Enquirer: 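Structure below; questions to follow.
Heavy-atom basis, side chains included; hydrogens, waters and symmetry copies ignored. A quick note: this is a predicted structure, and the numbers were derived from the prediction, not measured.
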Amino acid sequence: MFKTKKSKNYKTLSKLHKDLSSLYTMTEIEQEAFDLCYQNGKDCGHITCIISLILDKFQLVLKELESMLSKQRL
């Protein structure tokens, strides 16, 4: 049973790591897009929408991590 719980925790941590890595990549892309819009004098409103989506996803990942950590304390 301990191995099953450990395996499940590893899979959860692996998923959280993948989510955080993708959020980092999305943030880098967003920053490049924002810089290009700004340099070319374009409207950056659509970038604000992307930032909002990234932050929502980041908040979900943090909640998953918090939930996992609170279960570990029990």
Enquirer: For Phe58, what residues pass the side chain to side chain contact (heavy atoms under 4.5 Å, CB included) criterion, not counting sequence neighbours?
Expert: Leu20, Leu23, Leu62
Enquirer: Donor-acceptor pair, distance only, cut-off 3.5 Å: does the side chain of Ser21 make one with the backbone of His17?
Expert: yes
Enquirer: Does anything in residues 31-53 pair up under salt bridge (charged side-chain N to carboxylate O under 4.0 Å, His left out), and if so which pairs, sequence neighbours excluded?
Expert: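 As it turns out, there is no salt bridge (charged side-chain N to carboxylate O under 4.0 Å, His left out) pair with a partner in residues 31-53 once direct neighbours are skipped.
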Enquirer: How far apart are the closest heavy atoms of Ser70 and Ser67, and which atoms are they?
Expert: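 Ser70 and Ser67 have their closest heavy atoms at OG-O, 2.8 Å.
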Enquirer: Could you give the distance from CE (Met26) to CG (Leu55), rounded to the nearest 0.5 Å?
Expert: 10.0 Å
Enquirer: Could you work out, with side chain to side chain donor-acceptor pair (under 3.5 Å) as the rule, every residue matching Glu28, not counting sequence neighbours?
Expert: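 If we apply the side chain to side chain donor-acceptor pair (under 3.5 Å) test to Glu28, skipping adjacent residues, the hits are Tyr24.
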Enquirer: Return the minimal non-hydrogen interatomic distance between Cys44 and Tyr38, and the atom names on each side.
Expert: SG-N, 4.0 Å
Enquirer: Taking the side chain as everything from C-beta on, heavy atoms only, tell me whether Val61 gets closer than 4.5 Å to Leu65.
Expert: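 Not touching, per the 4.5 Å side-chain cut-off.
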Enquirer: Taking only residues at least two apart or on different chains, which pairs with a member in residues 57-68 satisfy salt bridge (charged side-chain N to carboxylate O under 4.0 Å, His left out)?
Expert: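 Found Lys15-Glu64, Asp19-Lys57.
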Enquirer: According to side chain to side chain contact (heavy atoms under 4.5 Å, CB included), who are the partners of Thr27, at least two apart in sequence or on a separate chain?
Expert: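 In terms of side chain to side chain contact (heavy atoms under 4.5 Å, CB included), with neighbours along the sequence ignored, Thr27 is linked to Glu30, Ile54.
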Enquirer: Roughly how far, to the nearest 0.5 Å, is the CD atom of Gln31 from the CD1 atom of Ile47?
Expert: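 Reported value, rounded in 0.5 Å steps: 9.5 Å.
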